[in-house]
Structure formats: structure tokens, C-alpha cells
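Before any comments, here is the structure.
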Amino acid sequence: MGAGCCDADDDALVALRDRQRTVLWVVLGINAVLFVVEFVVGWWARSTALLADSLDMLGDAFVYAFSLWVLQRGTRWRARAALSKGVVQLVFGLVVLSQAVWRAVDGTPPVADAMALMGLVALAGNTWAFALLWRHRSDDINMTSTWLCSRNDLIANAAVLAAAAAVWRLDSVWPDVIVGVAIAVLFLRTAWDVIGDARAELAPADQERTRIGA
């Protein structure tokens with residue numbers, strides 16, 4: 001009976017990992033495509049918010065790639081992947097902040113129509129990704145951090161659309177800059193949370209290694 005239960009547990013875990021892998025490949029593809037399209041449109045439209053959102057897509061693509069890599073690995077590897085995701089988000093947050101400063105100094109308003117259209121496309125893609133990840137959001141720290149990235153994408157997309165409307169109404173660069181800064185702050189906050197959770201999960205193993213070494 002005991003062996004049969006173990007086999008059943010192993011089969012369930014394999015099935016779960018297979019489902020996670022399929023979902024991660026799909027959302028990886030969504031984010032990779034959106035990154036390329038949104039970066040090109042953002043650069044052409046001179047939009048800090050779109051560029052920030054596109055870098056978020058690139059960061060998420062790295063996140064999902066990390067997540068796929070650690071699916072068959074242990075808890076420690078999943079925590080390390082989560083830590084890497086947090087560092088990636090931290091770096092991109094700082095990049096977006098510097099971009100926002102440059103746009104503010106330049107002062108040229110972005111193309112509001114392009115911002116709005118691209119924002120809608122990105123929102124549709126990220127809503128699909130969010131729906132796919134929803135059922136796996138509590139599987140483990142790896143999938144939780146992945147789901148948090150997807151949730152942040154929806155918030156960023158909504159902010160881009162709001163910025164596009166404000167730019168169109170006011171003919172000003174500032175709504176775009178403000179949203180770019182807000183997305184950067186969201187990056188940094190999520191990075192802080194993910195890094196903290198990952199370090200907490202890694203801490204017991206690190207303490208054990210230190211004790212054995214001593």
C-alpha cells in the first residue's frame with residue numbers, strides 16, 4: 001500500500017511538472033513576441049511607458065526561462081531561480097528609471113495613438129498569460145514568483161493605457177514619464193519581495209552548510 005501511494009505521488013508530481021512546463025512555454029512565447037513588438041513601437045512612438053513595459057516583457061521571458069530550467073530540480077534550485085528573477089527585475093527597474101529621466105529632459109510628447117493600440121495588444125496577451133498561470137500560482141515559490149510577474153504585467157498595461165489617454169488629452173510628456181517611473185517602482189517592489197522570499201527559503205540550507213563546515 002505504501003509503495004503504491006508513493007508511486008501515485010510520483011505520478012502526480014510528474015503530471016504537475018508537465019502541466020507547468022506547457023504553461024511556461026506558452027507564456028514565454030507570449031512575452032518574447034510582445035517584447036519585440038512593444039520595444040519597436042515604443043522606440044518609434046518615443047514612449048517611456050511602452051519601452052518600460054517592453055523591458056518588463058523581456059524580464060519576464062528570462063523569468064519563464066529560468067522557471068523552465070528548474071522545474072525538475074530541487075527546492076534549493078527553485079529558490080535560486082526566484083532570486084535570479086528578483087535581481088533581473090531590480091536591474092530593469094533601474095534601467096527604466098534612467099530612461100524616464102532622459103525622456104523628461106527631452107520633453108517631446110510620445111505618439112498617443114500608438115501607445116494606446118500597443119497597450120491594448122499587450123493587455124490582451126498578458127491577460128491570456130495570467131489566466132494560464134492562475135491555477136499554478138500556489139504550486140511552489142518558482143510558480144508563485146512567475147505568477148507575480150504576470151500580475152504586474154496587467155497593472156503595467158493598464159497604466160500604459162491611462163498614460164496614452166492623458167498624453168492625448170494634455171499633449172504632454174509627463175503622463176508617459178510618470179507611468180514609466182511607476183512601472184520602475186513596481187519592478188523594484190516586486191524584486192524586493194521575490195529576493196526576500198528566495199533568501200528566506202535558502203537560509204536554512206546555508207545555515208546547515210555553515211554548521212557542517214564549522
Side-chain angles (χ1 to χ4, degrees), residues 24 26-66 84-133 145-191 194:
L24 288 171
V26 173
V27 295
L28 172 59
I30 292 171
N31 278 267
V33 171
L34 286 177
F35 159 67
V36 174
V37 176
E38 193 167 21
F39 185 86
V40 172
V41 174
W43 188 268
W44 176 82
R46 304 183 304 277
S47 170
T48 298
L50 283 181
L51 289 175
D53 202 34
S54 73
L55 289 179
D56 184 23
M57 303 297 177
L58 178 62
D60 287 350
F62 282 123
V63 164
Y64 301 140
F66 274 127
S84 299
K85 298 170 192 178
V87 172
V88 168
Q89 289 184 312
L90 182 64
V91 171
F92 280 122
L94 296 175
V95 168
V96 170
L97 282 178
S98 64
Q99 171 70 12
V101 171
W102 184 75
R103 287 296 183 189
V105 172
D106 177 67
T108 305
V111 181
D113 291 347
M115 287 180 65
L117 180 59
M118 188 65 242
L120 288 172
V121 172
L123 181 63
N126 284 317
T127 299
W128 181 21
F130 182 83
L132 291 172
L133 289 165
S145 61
T146 302
W147 174 74
L148 285 173
C149 291
S150 180
R151 183 198 64 183
N152 289 347
D153 288 342
L154 294 179
I155 297 172
N157 295 153
V160 168
L161 290 172
V167 167
W168 176 79
R169 182 71 176 83
L170 303 174
D171 192 29
S172 169
V173 71
W174 285 105
D176 183 59
V177 169
I178 291 170
V179 167
V181 171
I183 293 174
V185 171
L186 183 62
F187 282 172
L188 297 174
R189 175 58 188 273
T190 301
V194 170

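Predicted, not measured: the structure shown is a model, and the values here were computed from it. Index from 1, following the sequence.
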* **Taking every non-hydrogen atom, the tightest pair across V177 and A100** => CG1-O, 3.8 Å
* To do: State which residues pass side chain to side chain donor-acceptor pair (under 3.5 Å) with N157; sequence neighbours excluded, sorted by chain then number.
  => D53, N126
* Those residues that, when tested against R151, pass salt bridge (Lys or Arg N to Asp or Glu O under 4.0 Å) (two or more places apart) -> none
* Asked: Ignoring hydrogens and geometry, is there a side-chain-to-backbone donor-acceptor pair from R46 to V111 under 3.5 Å?
  -> no
* Pairwise side-chain contact, V41 with L117, heavy-atom cut-off 4.5 Å (strictly under) -> no
* **Any donor-acceptor N/O pair, D176 side chain to S47 backbone, under 3.5 Å** => no
* **Nearest atoms (heavy-atom pairs only) where A61 meets L28** => O-CD1, 3.2 Å
* Roughly how far, to the nearest 0.5 Å, is CH2 of W174 from OG1 of T48? -> 10.0 Å
* To do: Please report the closest heavy-atom contact between M115 and L50, naming both atoms and the distance.
  => CA-CD1, 3.7 Å
* To do: Start with the C-alpha gap between V37 and V121, add the side-chain angles, then the distance that decides, and say whether side chain to side chain contact (heavy atoms under 4.5 Å, CB included) holds.
  => CA-CA 10 Å; V37 176; V121 172; 5.8 Å; no
* To do: First locate atom CD1 of I183, then atom CG of L51, and finally report the distance between them rounded to the nearest 0.5 Å.
  => 10.0 Å
* Asked: If you round to the nearest 0.5 Å, how far is CH2 of W128 from CG of L133?
  -> 11.5 Å
* **Whether S150 side chain and F130 backbone form a donor-acceptor pair below 3.5 Å** => yes
* Relative to each other, are the rings of F35 and F39 parallel, tilted or perpendicular (30° and 60° limits)? -> tilted
* Structure fact -> On a heavy-atom basis, the closest approach of P110 and S172 is CD-O, 4.3 Å
* Side chains of D106 and V173: does their closest heavy-atom pair fall under 4.5 Å? -> no
* Between CD1 of I30 and CG of L132, what distance do you get to the nearest 0.5 Å? -> 6.0 Å
* **N31/D153 under side chain to side chain contact (heavy atoms under 4.5 Å, CB included): CA gap, chis, key distance, verdict** => CA-CA 10 Å; N31 278 267; D153 288 342; 3.6 Å; yes
* Asked: Are side-chain heavy atoms of L188 and L97 found at a separation under 4.5 Å?
  -> yes
* To do: Over all heavy atoms of both residues, which pair between A164 and A116 is shortest? Give the atoms and the distance, please.
  => CB-N, 3.7 Å
* Counterpart residues, side chain to side chain donor-acceptor pair (under 3.5 Å), relative to D113 (two or more places apart) -> none
